[in-house]
Amino acid sequence: MKAALADEDGVLLDNFMRESVEPAVSGSTVAVCLINLTAGELVVSNLGDSHVILAERDPKTEYPYHIV
Ligand SMILES: *[C@@H]1O[C@H](CO)[C@@H](O)[C@H](O)[C@H]1NC(C)=O
């Protein structure tokens with residue numbers, strides 16, 4: 001997880017530093033969701049102002065997703 005976040009940070013810095021400095025210096029935020037369907041486990045982590053919302057498809061309503 002640490003390596004994946006470091007890789008993503010490098011990609012963001014590379015891309016944004018060429019076009020605009022603002023996104024690269026405006027702070028840090030991340031939301032991570034790990035799901036193990038075999039074990040029935042859901043682990044959510046967030047840093048900064050990122051959030052995770054759990055939703056499920058509900059074919060009985062007019063809305064495509066139902067926020068759980
Ligand atoms: C998911 O859960 C199963 C059952 O507990 C476990 O055997 C497996 O190693 C888990 N997968 C991961 C990626 O942790």
Side-chain angles (χ1 to χ4, degrees):
M1 186 57 65
K2 190 175 183 177
L5 292 173
D7 285 352
E8 185 60 26
D9 198 36
V11 169
L12 287 171
L13 286 173
D14 271 357
N15 289 338
F16 289 120
M17 287 300 265
R18 276 186 246 131
E19 297 171 22
S20 166
V21 174
E22 197 277 330
V25 296
S26 63
S28 299
T29 183
V30 66
V32 177
C33 180
L34 301 172
I35 301 170
N36 184 332
L37 295 175
T38 305
E41 294 177 346
L42 169 67
V43 178
V44 175
S45 173
N46 69 299
L47 169 72
D49 56 0
S50 292
H51 303 281
V52 173
I53 297 172
L54 179 63
E56 63 184 0
R57 274 191 183 275
D58 186 354
K60 290 178 243 153
T61 70
E62 64 186 274
Y63 304 105
Y65 293 99
H66 169 74
I67 306 256
V68 181

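Note that the structure is predicted; figures quoted are calculated from it, not measured. Order of listing sets the numbers, starting from 1, for every ligand and every atom in it.
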What about Val68 and Ile35, same hydrophobic cluster or not, with Ile/Leu/Val/Met/Phe/Trp/Tyr joined at side-chain heavy-atom distances under 4.5 Å?
yes

Are there more than 12 heavy atoms of other residues, nucleotides or ligands under 6.0 Å from atom CD1 of Ile53?
no

Distance filter under 4.0 Å to Asn36 heavy atoms, resulting ligand 1 atoms:
1 (C), 2 (O), 3 (C), 8 (C), 10 (C), 11 (N), 12 (C), 14 (O)

Counting only non-hydrogen atoms of the protein, does one fall under 4.0 Å from atom 7 (O) of ligand 1?
no

Would you kindly confirm whether Val52 and Met1 end up in one hydrophobic cluster when ILVMFWY residues are joined by side chain heavy atoms under 4.5 Å apart?
no

Atom 5 (O) of ligand 1 sits nearest the protein heavy atom Ala39 CB, 3.6 Å

Under 4.0 Å from atom 1 (C) of ligand 1, is there at least one protein heavy atom?
yes

Would you confirm whether Ser45, through its side chain, and Val32, through its main-chain N or O, come within 3.5 Å as a donor-acceptor pair?
no

As a check for students: among Ile35, Leu37, Leu34, Thr38, identify the option with a heavy atom nearest to atom 4 (C) of ligand 1.
Thr38

Tell me whether Leu37 shares a hydrophobic cluster with Leu42, the cluster being built from Ile, Leu, Val, Met, Phe, Trp, Tyr side chains joined at under 4.5 Å.
yes

